[in-house]
Amino acid sequence: MSTRKTRRPCATAATSGWHSPIFPSNFNTLHIDGNSADVGGMLKATMPRAFVIGPDGSTTVDTDYFSSVELTETNPQVVTYTFNPKATWSDGTPLSWEDIASQIHATSGADKNFAIAGTNGSERVKSVTRGVDDRQAVITFAKPYAEWRGMFAGNTMLLPKSSTATPEAFNTAQLSGPWTVGRPIRRHRIGSDQTANCVDPQPQVVGRTAAAGPHHLPGARRCRAVAGAAEQGDRRGRPRRPLDQMTIARRTKGISIRRAPTPSWYHFTFNGAKGSILSDPALRRAVAEGIDRQSIATVTQHGLSSHPAALNNHVYVEGQQGYEDNSGVVAYNPDKAKHDLDALGWKLNGQFRERDGHQLVIRDLFYDAQTSRQFGLIAQHSLAQIGVKLELTAKAGSGFFTNYINVGAFDLAQFGWMGDAFPLSALTQIYASTGESNFGKIGSPEIDAKIEQTLQELDPTKARKLANEVDKLIWAEGFSLPLIQSPGNVAVNSSLANFGAAGLADLDYTAIGFMR
């Protein structure tokens, strides 16, 4: 249902925080078929990452796995990772510099046989060498990388060498389940009955143990109990709308709604590939001017957010340091959209526009869910007012990216991006001309050059300024149209402590438990 690293495409609508996860076709989060929000969310609890992320996006070294992670030189850029000597993989093998070296090679893009989701800075690495011993890795960069902290943090985890050493291992070794190293509470493994969508606990642990206090951890029953009232369908078996889910949860005794806006957001992606109807950036901008994004936010987030608002940045989400409104170049303006379409030769002929005998018809591809259809219907109504015909094409989630998005079988496509605290790592992946997730094949030399300038800036303040310059170019190119950010509503048992809406932050699994 989804792919990718720092920005994970998600076919489901990211409006409520509720969804029904299914087992993916691959549990390797670095693989194009395994890089989903569901898999990533599960493995964050069990896999090594260099930093723990705070609510404000700040980073602290995760000492369960690393003793230190330091930028030790800037010219050339060198980052030194020193492992916690007690950290081992689930088979007892110590974590070592070879794990990092193998993953950097696999995800660098140098060997196309590795079906990677994205490079995440690996393509900028010159070498990975052994440090003072096997427990230390020294990464030397060929080109500076501003988002170096996110190479093994946020949505990205370190995998063992055995999973990344060869294309065969990388592509197929985790089809039935993931590796783990174990978090401080308990280790988890994939249950034998995958139809139950369960993750069973294992006793061995790594790092800190759960703190003593007025809580205890839920047992294996929790995986079978998560599908509560808010997850159930209506009497006809159809999935409930997010607002219906929210209403049920609010009325259910013992359930609390916890909210923190997440780095998950929904958008329209344009197909600008050669030969497509939207290959002209001027036409893409005119179409964008005719879509009422605020109405989409108001309607789809009614009752889910206290202040529904359209998202106005491609790089940062609202509440994240660096967020600015750069959308003015394609602000909703139906009168201007009509004028621009006329100037491009698309003239009204009855209800819709034509040029050279061809009607202006745009195919909108989306995952077949009620909220996704709402997005399409509102856009369809908006565009009809300026003479553009939007055809809604719903597809099942299975194979959504492989069968439709990856092959460009759309004019306009709806899906979500799941980001993290390291947004710059997605710039090349999504917005560069040759980016792995540039599904619409839209780009320009100016965007590519500005992305490179941004990624080479090691001063975070200057890098954020440059990233917003990238965003302005992206808006002007008519690359995609951000719609809404997920409000991050999570329904939880009221007695469950330290779990629910995390926003940008990582959950501390040593502190989660039911109050006694």
Residues D325, S327; criterion side-chain hydrogen bond (donor to acceptor under 3.5 Å, both in side chains); working and verdict: CA-CA 6 Å; D325 182 352; S327 65; 2.7 Å; yes
Apply ring-ring contact (aromatic ring centres under 6.0 Å, His included) to the pair F114 and H31, showing each step before the final yes or no. CA-CA 8 Å; F114 289 89; H31 188 278; over 10 Å; no
Check the pair E354 / K389 against salt bridge (charged side-chain N to carboxylate O under 4.0 Å, His left out), numbers first and verdict last. CA-CA 10 Å; E354 291 183 355; K389 185 176 183 179; over 6 Å; no
Decide yes or no on side-chain hydrogen bond (donor to acceptor under 3.5 Å, both in side chains) for D471 and N326, but give the supporting numbers first. CA-CA 7 Å; D471 185 48; N326 297 319; 2.8 Å; yes
Could you go step by step and tell me if V492 and R258 meet the side chain to side chain contact (heavy atoms under 4.5 Å, CB included) rule? CA-CA 8 Å; V492 298; R258 297 170 185 172; 3.3 Å; yes
Residues R293, N312; criterion side chain to side chain contact (heavy atoms under 4.5 Å, CB included); working and verdict: CA-CA 10 Å; R293 296 186 302 122; N312 294 313; 2.6 Å; yes
List the steps and the verdict of side-chain hydrogen bond (donor to acceptor under 3.5 Å, both in side chains) for S382 and D292. CA-CA 6 Å; S382 292; D292 188 351; 5.1 Å; no
Could you go step by step and tell me if T107 and Q103 meet the side-chain hydrogen bond (donor to acceptor under 3.5 Å, both in side chains) rule? CA-CA 6 Å; T107 58; Q103 183 160 319; 5.8 Å; no
Run the side chain to side chain contact (heavy atoms under 4.5 Å, CB included) test on N120 and Q429 for me, step by step, so that the C-alpha distance in whole Å, both residues' side-chain angles and the decisive distance to 0.1 Å come before the verdict. CA-CA 8 Å; N120 188 36; Q429 172 196 336; over 6 Å; no
Determine, step by step, whether I291 and Y332 satisfy the side chain to side chain contact (heavy atoms under 4.5 Å, CB included) criterion, reporting the C-alpha distance in whole Å, the side-chain angles of both residues, the deciding distance to 0.1 Å, and the verdict. CA-CA 6 Å; I291 296 177; Y332 177 57; 5.8 Å; no
Take F479 and Y431 through the ring-ring contact (aromatic ring centres under 6.0 Å, His included) test and state the conclusion after the steps. CA-CA 8 Å; F479 185 97; Y431 304 112; 4.9 Å; yes
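Side-chain atoms of F270 and I442, non-hydrogen and from C-beta on, do get closer than 4.5 Å to each other. Between L30 and L159, the closest side-chain pair of non-hydrogen atoms falls below 4.5 Å. Side-chain atoms of P261 and V317, non-hydrogen and from C-beta on, never get closer than 4.5 Å to each other.
Taking a cutoff of 4.0 Å between a charged side-chain nitrogen and a carboxylate oxygen, E324 and R464 do not qualify as a salt bridge. In this structure, D280 does not pair ionically with R284, as no charged nitrogen and carboxylate oxygen lie closer than 4.0 Å. With respect to the salt-bridge test (charged N to carboxylate O, under 4.0 angstrom), the residues D368 and K395 do not qualify. Electrostatic pairing of K336 and E289 counts as a salt bridge here, judged by a charged N lying under 4.0 Å from a carboxylate O. Between K462 and E457, no side-chain nitrogen of the basic residue sits less than 4.0 Å from a carboxylate oxygen of the acidic one, so the salt-bridge criterion is not met.
The line from CH2 of W346 to CZ of R355 is 5.0 Å long, rounded to the nearest 0.5 Å. In this structure, CG on D342 lies 7.0 Å from CG on L348, to the nearest 0.5 angstrom. To the nearest 0.5 Å, the span separating CZ on F410 from OG1 on T393 amounts to 12.0 Å. With values rounded to the nearest 0.5 angstrom, Q380 atom CD is found 11.5 Å from I362 atom CD1. Separating the OG1 atom in T59 from the CZ atom in R49 is a distance of 12.0 Å, to the nearest 0.5 Å. The line from NE2 of H314 to CG of N468 is 12.0 Å long, rounded to the nearest 0.5 Å.
In summary, the aromatic rings of F51 and F152 are positioned with their centroids too far apart to meet the 6.0 Å limit.
Checking T428, I430, I474 one by one against I451, the side-chain contact (heavy atoms from CB on, under 4.5 Å) holds for a single residue, T428. Among F375, Y367, F366, the single residue meeting the ring pair (Phe, Tyr, Trp, His ring centres under 6.0 Å) criterion with Y266 is F375.
Below 30°, between 30° and 60°, or above 60°: for F439 and W417 the angle between ring planes is below 30°, a parallel geometry.
A donor-acceptor pair shorter than 3.5 Å can be found between the side chains of D111 and N113.
Residue Q321 qualifies as open at atom CD: its count of foreign heavy atoms under 6.0 Å is 12 or below.
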